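The structure appears right after this line, and notes come after that.
Treat the numbers as computed from the prediction; the structure is a model and nothing was measured.
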Amino acid sequence: MTAWILLLLTLCCVWLCVDASKLNAPLRDKHPNTPEGNSRVTFEGIYAPFGLGVLAWLFLAMSILLGVLTVREFLA
């Protein structure tokens, strides 16, 4: 039963990794001088050095770890 739960978690992490890797488009706003536009520009300015790809790398590492654990559990 544990192996199947690990397999489900692995598949979820892989899906989240693929989904997070699509978040690399820059934020654009039609009216950057509105409060909503200013908050989005601030958000983009603060997190731009880290990039939104960090989330994809995190899910990739979790997917690899869960994949290894799943294979070990199925072989045991």
Side-chain angles (χ1 to χ4, degrees):
M1 183 69 180
T2 305
W4 292 103
I5 293 172
L6 283 172
L7 181 63
L8 181 65
L9 287 173
T10 304
L11 292 175
C12 288
C13 274
V14 168
W15 179 76
L16 287 171
C17 178
V18 169
D19 192 42
S21 66
K22 295 178 185 177
L23 292 175
N24 58 2
L27 295 175
R28 289 187 215 133
D29 212 352
K30 292 181 181 176
H31 306 289
N33 292 329
T34 62
E36 293 84 13
N38 288 335
S39 66
R40 290 183 70 181
V41 169
T42 303
F43 176 79
E44 184 180 3
I46 291 172
Y47 293 107
F50 301 110
L52 293 174
V54 172
L55 195 60
W57 284 108
L58 178 69
F59 283 124
L60 179 65
M62 288 173 52
S63 300
I64 291 170
L65 176 67
L66 284 170
V68 168
L69 292 174
T70 303
V71 168
R72 288 182 62 166
E73 189 67 30
F74 271 114
L75 292 177

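At least one side-chain heavy atom of F74 sits less than 4.5 Å from a side-chain heavy atom of L7. Here the side chains of W15 and L11 are not in contact, with every heavy-atom distance at 4.5 Å or above.
Of all heavy-atom pairs spanning C13 and L66, the tightest one is SG-CD1, 3.7 Å. Closest approach of V14 and S63 over heavy atoms only: N-OG, 3.3 Å.
The hydrophobic clustering, which links ILVMFWY residues whose side-chain heavy atoms are closer than 4.5 Å, places W57 and I64 together. Linking Ile, Leu, Val, Met, Phe, Trp and Tyr whenever their side-chain heavy atoms come within less than 4.5 Å leaves V71 and L6 in two separate clusters.
If you run side chain to side chain contact (heavy atoms under 4.5 Å, CB included) between E73 and each of T2, V68, I5, only T2 comes through.
Rounding to the nearest 0.5 Å gives a distance of 9.0 Å between OG1 of T70 and CG of L65. Note that CG of L9 and CG of L16 are 10.5 Å apart. Values are rounded to the nearest 0.5 Å.
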